[in-house]
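Sequence positions, counted from 1, serve as the residue numbers for this chain.
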Amino acid sequence: CFAATHVLCTTCCVLCLLQVSRALRSLPYVDPSLPTLALVGAPNVGKSSLVRVLSSGVPEVCNYPFTTRSIKMGHFYVDGQRHQITDTPGLLQRPDEDRNKMELLTLAALQHLPSSVVFVADLTEECGTSVADQWAIRRELRARFPSKPWLDVLSKSDLLQDVWQLAEQQQQPHQTSSSSSNGAGVLGGAAAAAADVQDAVQFAAALPGAVRVSSVTEQGLLQLQEGLVQMLKSDAAATEAAAGAALVQEHSTASLLQQL
């Protein structure tokens, strides 16, 4: 009787360990030392589809809100350097106290990972979030994380040809000024952040540097990859320069202390 009970307990323990092992394998491995691209935006705007085509990640791709219920990770290389790309749960336009755990997970990832932001917007509004609310989410994130490298991406571009034409017509009267602010889509300029956006044409016109992509037709994917590489290289150079300046300052301080 004792032997049978012992065997039963051992079997239960083994089964529990197997369940824990499976659960641990399903968790994303996040290396905080690696450069990270964080795809953010409202739910169902196309973030998961972009992770799938840009990296080794295989996230869920479905047409309903909060498909991404945790941080999904993919990896890719730039100049031999390994990078992470994260597919984060979507954000809704509401105060932090009203946000659910998935939305707070996205904000925590932006706060604590050395991440560059890829903000994805769906101007067709098929995602279920209005263009005005998506713009408000973008403005909030730009204000909350002003120092993070930033790239704007407009998804489902194959469905928005009329919007692009109207947006370019709106930009033409301001060509002189826009020539110096074409980086708004890459850098999230102050002028773009201050714009009052209510519809798709205004959104596109406010961000002339945004990358327009379609995961269906693959339109704009090469341009997106080039934009990501440029952003990552610029960020790496800035980080290296800052580290060098800090080292020089440290040596200067040490030399000064020795002289005292």
Checklist line | Heavy-atom check, side chain of Val120 versus side chain of Leu50, under 4.5 Å | finding: yes
Next item on the list: State, to 0.1 Å, how close Phe119 and Gly41 come at their nearest heavy-atom pair, and which atoms those are.
Entry: CE1-CA, 3.9 Å
Margin query: Restricting to salt bridge (charged side-chain N to carboxylate O under 4.0 Å, His left out), what partner residues turn up for Asp96, sequence neighbours left out?
Written below: Arg99, Arg144
Margin query: I'd like to know if the side chain of Ser116 pairs up with that of Lys148 as donor and acceptor (distance under 3.5 Å, no hydrogens or angles considered).
Written below: no
Next item on the list: Drop me the distance from Thr106's OG1 to Leu91's CG, to the nearest 0.5 angstrom.
Entry: 5.0 Å
Checklist line | side-chain contact (heavy atoms from CB on, under 4.5 Å) involving Ser130 - partner list, sequence neighbours excluded | finding: Glu125, Ala132, Asp133
Margin query: Nearest 0.5 angstrom please: Asp98 CG to Glu103 CD, how far?
Written below: 9.0 Å
Checklist line | Any pair counted as ring pair (Phe, Tyr, Trp, His ring centres under 6.0 Å), so long as it reaches residues 195-238, sequence neighbours left out | finding: Trp135-Phe203
Next item on the list: Give a yes or no on whether a salt bridge exists between Asp87 and Lys47, defined as a side-chain N under 4.0 angstrom from a carboxylate O.
Entry: no
Item checked: Distance-minimising heavy-atom pair for Gln134 and Ala121 -> OE1-CA, 3.3 Å
Check: Within a strict 4.5 Å, meaning less than it, do heavy atoms of the Met231 and Ser234 side chains meet?
Finding: no
Notebook entry, point to check: CD1/Ile85 to OG1/Thr36 distance, rounded to the nearest 0.5 angstrom?
Noted result: 10.0 Å
Margin query: Holding to side-chain contact (heavy atoms from CB on, under 4.5 Å), I want the full list of residues that pass it with Ala108, two or more places apart in sequence or in another chain.
Written below: His112
Check: So how far is it from Ile137 CD1 to Thr129 OG1, rounded to the nearest 0.5 Å?
Finding: 6.0 Å
Notebook entry, point to check: Does a side-chain heavy-atom distance below 4.5 Å link Val117 with Leu151?
Noted result: no
Note to self: Strictly distance-based, threshold 3.5 Å: is any side-chain N or O of Gln202 a donor or acceptor partner for the main-chain N or O of Gln198?
What the structure shows: yes
Item checked: side-chain contact (heavy atoms from CB on, under 4.5 Å) partners for Ala200, two or more places apart -> Leu123, Val131, Val163
Check: Which distance, rounded to the nearest 0.5 Å, do you find between the OG1 of Thr88 and the CG of Leu105?
Finding: 8.0 Å
All N/O donor-acceptor pairs, side-chain side in residues 207-224, below 3.5 Å, sequence neighbours left out:
{"unit_1": "Arg212", "atom_1": "NH1", "unit_2": "Glu168", "atom_2": "OE2", "d": "3.4"}
{"unit_1": "Ser214", "atom_1": "OG", "unit_2": "Asp158", "atom_2": "OD1", "d": "2.8"}
{"unit_1": "Ser214", "atom_1": "OG", "unit_2": "Val216", "atom_2": "N", "d": "3.3"}
{"unit_1": "Ser214", "atom_1": "OG", "unit_2": "Thr217", "atom_2": "N", "d": "3.1"}
{"unit_1": "Ser214", "atom_1": "OG", "unit_2": "Thr217", "atom_2": "OG1", "d": "3.2"}
{"unit_1": "Thr217", "atom_1": "OG1", "unit_2": "Gln219", "atom_2": "N", "d": "3.3"}
{"unit_1": "Gln219", "atom_1": "OE1", "unit_2": "Ser157", "atom_2": "OG", "d": "3.4"}

Next item on the list: Kindly compute the distance separating SG (Cys127) from CG (Asp122), expressed to the nearest 0.5 Å.
Entry: 4.0 Å
Notebook entry, point to check: Taking only residues two or more places apart in sequence, or in another chain, which ones meet Asp162 in a side-chain hydrogen bond (donor to acceptor under 3.5 Å, both in side chains)?
Noted result: none
Next item on the list: Could you list all the ring pair (Phe, Tyr, Trp, His ring centres under 6.0 Å) pairs where at least one residue sits in residues 33-53, not counting sequence neighbours?
Entry: none
Next item on the list: Considering non-hydrogen atoms only, spot the tightest contact between Glu126 and Leu159 and give its length.
Entry: OE2-CD1, 3.8 Å
Check: Who passes side-chain hydrogen bond (donor to acceptor under 3.5 Å, both in side chains) against Ser155, sequence neighbours left out?
Finding: none
Margin query: Contact between Val40 and Val118 at the side-chain level, heavy atoms closer than 4.5 Å - yes or no?
Written below: no
Checklist line | Those residues that, when tested against Leu166, pass side-chain contact (heavy atoms from CB on, under 4.5 Å) (two or more places apart) | finding: Gln169, Val201
